[in-house]
Student: 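Can you keep this structure in mind? I'll have questions shortly.
Residue numbers start from 1 in every chain, and the chains themselves are labelled A, B, ... in the order their sequence lines are given, proteins ahead of strands. Everything numeric here is computed off the predicted structure, so don't read it as measured data.
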There are 2 protein chains.
Amino acid sequence: MDTTQRTDQQRSADRRRRELLEAADRVVLRDGPQASMNAIAAEAGITKPILYRHFGDKGGLYAALAKRHTDALLDSLRAALDAPAERRERVESTLDTYLAAIEARPQVYRFLMHPAEGSTGADQGFDVGKHSAPLLRRMGEELAQVIEDRLDLGPGSQQLARVWGHGIVGMMHAAGDWWLGERPCSRAELVRSLADLLWGRLAAAGDKIGGPGF
Amino acid sequence: MDTTQRTDQQRSADRRRRELLEAADRVVLRDGPQASMNAIAAEAGITKPILYRHFGDKGGLYAALAKRHTDALLDSLRAALDAPAERRERVESTLDTYLAAIEARPQVYRFLMHPAEGSTGADQGFDVGKHSAPLLRRMGEELAQVIEDRLDLGPGSQQLARVWGHGIVGMMHAAGDWWLGERPCSRAELVRSLADLLWGRLAAAGDKIGGPGF
DNA sequence: ACACTCGTGTTACCGCTAGTAACACCAAAT
DNA sequence: ATTTGGTGTTACTAGCGGTAACACGAGTGT
């Protein structure tokens with residue numbers, strides 16, 4: 001007597017939830033990441049408390065919204081990484097999949113990675129996009145300059161140096177961030193591992209027996 | 001008649017500015033990055049409008065605060081990168097300098113990179129630390145698993161795989177972010193450059209004539 | 001037919017924030 | 001003595017996230 005009842009209700013609730021998420025998606029993509037709950041509710045044609053009943057708080061809505069996009073992205077990355085091909089080809093294909101995704105939907109990307117940027121109104125809370133990004137950019141540009149000045153990279157060296165500068169800085173940043181949170185090893189070990197990566201140990205590594213190798 | 005006058009005033013204003021920045025530093029390091037202007041003013045022993053007279057708005061204060069730390073960090077990085085030593089040694093030394101800095105003052109690091117995290121109160125504006133970081137972490141962990149499963153890395157392979165997973169994801173992320181903003185080349189070129197970096201072209205590159213080489 | 005619950009929706013509010021206008025004081029210059 | 005300019009305050013606005021309290025409408029047990 002309650003199973004059909006419950007499923008009915010749950011179905012309806014799920015449909016509502018999806019509708020709300022789609023409305024939120026539209027608003028976030030239009031107004032930028034600091035879209036207000038009021039605006040999202042208005043876009044969905046309802047009022048605030050309903051949003052809160054469905055998602056708890058703003059973080060819950062954000063998480064639900066982010067989960068859809070990240071899940072989709074991760075699925076396509078996994079597919080590229082698992083395709084039957086040689087190692088370097090798969091690495092390139094995976095990089096390309098990621099870059100194609102952020103190229104195709106830059107607003108989604110900015111929403112996921114650089115929350116506070118878009119709109120004109122009073123930004124509350126400190127920004128990341130406006131200040132941490134500049135630090136990474138500066139480091140990337142400076143490293144690019146050093147690479148270009150001192151390394152002989154043949155033709156196209158300037159562009160290559162810039163890509164490498166930003167790439168290496170990003171590697172350092174992400175690895176450092178992860179390491180700082182989990183402390184999985186000593187700093188010296190981390191440094192050695194990263195330098196090994198830059199020194200080509202990835203290319204030199206042999207395949208594990210039984211697998212096609214990364 | 002006005003030069004000494006002006007310099008006096010300017011000196012006084014600069015001193016005040018430094019005092020305010022130090023107070024802001026204390027509050028931000030204690031309360032996390034969403035420290036309120038009220039709290040900062042209270043810590044400095046004055047009231048809000050004075051802060052606004054000195055820094056314009058919250059972004060201005062944040063920028064001034066961030067500039068001090070980023071300048072100091074960049075200086076030490078430049079020093080490590082310019083030290084007289086062999087290339088790999090300098091790379092390791094620079095990585096170590098960065099990691100030592102974020103290790104020594106993790107609150108500063110979190111302030112610069114992950115603005116919204118700390119406190120208990122109502123977070124306004126969407127977070128980055130709570131959602132974008134999880135995406136990067138997930139990607140890093142998944143890649144680490146793939147690397148560990150399929151590559152033969154010898155002893156310590158698990159740790160090495162995790163470092164590489166997060167490092168490579170960070171490289172991809174930062175390079176993609178920069179590329180998306182500046183569009184300095186085609187996507188295919190970017191992919192090829194990054195793959196070349198991972199394939200050891202950094203280690204294989206010759207020094208430029210006349211320099212000690214990166 | 002009546003009350004009783006329960007999900008869905010609303011209005012009206014709280015406490016907080018960033019940011020500002022208007023006023024008060026005090027020192028130096030005229 | 002008076003006018004200027006900088007320093008400081010109180011008191012306010014507008015908007016945010018979040019919530020309590022109330023209102024309606026459908027199904028149910030008696």
Student: In this structure, how many angstroms lie between the C1' atom of D:dT9 and the CG atom of B:Leu51, rounded?
Tutor: 14 Å
Student: Would you indicate which nucleotide in C:dA18, D:dT10, C:dT10 comes nearest to any side-chain atom of A:Thr47?
Tutor: C:dT10
Student: Any heavy-atom pair between the side chains of A:Arg88 and B:Asp196 that's under 4.5 Å?
Tutor: yes
Student: To the nearest Å, give me how far apart CD1 (A:Ile50) and P (D:dA20) are.
Tutor: 17 Å
Student: Could you tell me whether B:Arg183 sits above the aromatic face of B:Trp179, with NZ or CZ closer than 6.0 angstrom to the six-membered ring centre and within 45 degrees of the axis?
Tutor: yes
Student: How close or far is atom C1' of D:dC16 from atom CG of A:Asp57, stated in whole angstroms?
Tutor: 14 Å
Student: Would you indicate which nucleotide in C:dG19, C:dG9, D:dG18 comes nearest to any side-chain atom of A:Lys48?
Tutor: D:dG18
Student: To the nearest Å, how far apart are B:Glu19 CD and D:dT7 P?
Tutor: 12 Å
Student: Would you classify B:Ser36 as touching base, sugar-phosphate or nothing, given that sugar-phosphate means primed atoms plus P, OP1 and OP2, and contacts are heavy atoms under 4.0 Å?
Tutor: sugar-phosphate
Student: So which one's nearest nucleotide on DNA chain D is more toward 5', B:Ile46 or A:Asn38?
Tutor: B:Ile46
Student: Using a cut-off of strictly less than 4.0 Å, decide whether B:Arg53 has a side-chain nitrogen or oxygen near OP1 or OP2 of D:dT9.
Tutor: no
Student: How many Å lie between CD1 on B:Ile40 and P on C:dG19, as a whole number?
Tutor: 11 Å
Student: Of all the choices, C:dT10, C:dA21, D:dG17, which nucleotide is nearest to the side chain of B:Pro49 once you look at every atom?
Tutor: C:dA21
Student: Please confirm whether the backbone N or O of B:Ser186 pairs with a side-chain atom of B:Glu189, one donor and one acceptor, at under 3.5 Å?
Tutor: yes
Student: Within the distance-only criterion (no hydrogens, no angle test), does the side chain of A:Ser93 pair as donor or acceptor with the backbone N or O of A:Glu89 below 3.5 angstrom?
Tutor: no
Student: Which whole-number value in Å describes the distance from B:Tyr52 OH to D:dG6 P?
Tutor: 22 Å
Student: Treating B:Arg90 as the side-chain partner and B:Ala85 as the backbone partner, does any N or O pair qualify as donor plus acceptor under 3.5 Å?
Tutor: yes
Student: Would you mind reading off the distance between A:Leu61 atom CG and D:dG18 atom P, rounded to a whole angstrom?
Tutor: 10 Å
Student: Please tell me which of the listed nucleotides, D:dG18, C:dA18, C:dT10, lies nearest to the side chain of B:Met37?
Tutor: C:dA18
Student: Rounded to the nearest Å, what distance is computed from the NZ atom of residue B:Lys58 to the C1' atom of nucleotide C:dT20?
Tutor: 17 Å
